[in-house]
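This report refers to the structure that appears directly beneath it.
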Amino acid sequence: MDELYLTFHFSSLMVLVFHVCEGQSELIGSSQPIVATLGEDVVLPCYLQPAEDVTDWTLEWARPDLEPRFVHVWRSQQELVGQNHDLFTGRTSLFIDELTKGNISLKLSKVKLADEGKYKCFIPSLEKETFVQLHVAPVSSPVISLSGMDRDRGGVVLQCESRGWYPEPEVLWLDAEGNLLSAGPPETVRGPDDLYTVSSRVTVDKRHNNSFTCRVQQNDTHQTREAHIHD
Ligand SMILES: *[C@@H]1O[C@H](CO)[C@@H](O)[C@H](O)[C@H]1NC(C)=O
Ligand SMILES: *[C@@H]1O[C@H](CO)[C@@H](O)[C@H](O)[C@H]1NC(C)=O
């Protein structure tokens, strides 16, 4: 009789603990897309809140659109090899010291264009998942060209163009001393690959020998590319 009583209490306690955990824990990814530059490394965020040690649990990163879908699997306190999609071979890792803090963020090295997609971070035992969208920007250096003469102002019109941005960047023109030149608003075109091409024109004085810089920058992703021209 005693034994039965104890068993009953033990199992209802387990159910209770399970439900409390399940109710409280959230897996947090990123509501904003993560942007990586081609060839660089990127961290896809995913963590359990409130923090809990997940070292002993099975943890899965996957790309549901691929076959096989696995990107990185952690099981029995180590990386489970041999199941992942070939695309990711040798390029993924977890921050092992962070697992005790419930941080399951994935490091993806040497980003390829094919890495672009929706990643699922999943804890099977909790049935919790979250998604992280990765964009890959093959950002290129801007190109400055001579676009014409401005007879009215006795100047030269320079044009700067740069492709492969996400999100939309801003374009600045600077003179040799680093002073900002006033240019019209840049023209922005979004391509079928979701990436932006920007171009901007500026009229500069022909009288002095001078050099000019076109700087294209995107503050959210800390990307800056520059081109220079001497006339
Ligand atoms: C998870 O770990 C990564 C790598 O150390 C770090 O960049 C990130 O800020 C951590 N996230 C949290 C929520 O602590
Ligand atoms: C981006 O950062 C630069 C330098 O800090 C700043 O001058 C500029 O206004 C910022 N641009 C935007 C759109 O926030």
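All values reported here derive from a predicted model rather than from experimental measurement. All ligand and atom numbering here is 1-based and tracks the order in the structure.
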(request) Carefully, step by step, assess Leu106 and Val132 under the rule side-chain contact (heavy atoms from CB on, under 4.5 Å). (result) CA-CA 11 Å; Leu106 181 79; Val132 179; over 6 Å; no

(request) Mark up the atoms of ligand 1 that fall under 4.0 Å of a heavy atom belonging to Tyr47, in ascending order. (result) 13 (C)

(request) Can you sort out which atoms of ligand 1 are near Ser105, meaning under 4.0 Å from one of its heavy atoms? (result) 1 (C)

Minimum-distance protein heavy atom relative to [atom]:
atom                    : result
atom 3 (C) of ligand 2  : Gln217 NE2, 3.6 Å
atom 5 (O) of ligand 1  : Phe95 CD2, 3.8 Å
atom 13 (C) of ligand 2 : Glu170 OE2, 3.6 Å
atom 7 (O) of ligand 1  : Val43 CG1, 4.9 Å

(message) Ignoring hydrogens and geometry beyond distance, is a side-chain donor-acceptor pair present between Glu98 and Ser105 at under 3.5 Å?
(response) no

Between [X] and [Y], is there a donor-acceptor pair closer than 3.5 Å when you use the side chain of the first and the backbone of the second?
X      : Y      : answer
Glu116 : Val136 : yes
Arg91  : Lys110 : yes
Ser30  : Gln32  : yes

(message) Quick check on atom 11 (N) of ligand 2 - does any protein heavy atom sit closer than 4.0 Å to it?
(response) yes

(request) Counting heavy atoms only, name the option from Leu172, Asn219, Leu180 that's nearest to atom 14 (O) of ligand 2. (result) Asn219

(message) So for atom CZ, which belongs to Arg63, do other residues, nucleotides or ligands contribute more than 12 heavy atoms lying within a distance under 6.0 Å?
(response) yes

(request) Indicate yes or no: does an N/O atom of Asn103 lie under 3.5 Å from an N/O atom of ligand 1? (result) yes

(message) Could you go through Leu195 and Arg163, starting from their C-alpha distance and side-chain angles, then the distance that decides it, and tell me whether this counts as side-chain contact (heavy atoms from CB on, under 4.5 Å)?
(response) CA-CA 8 Å; Leu195 301 172; Arg163 301 167 180 279; over 6 Å; no

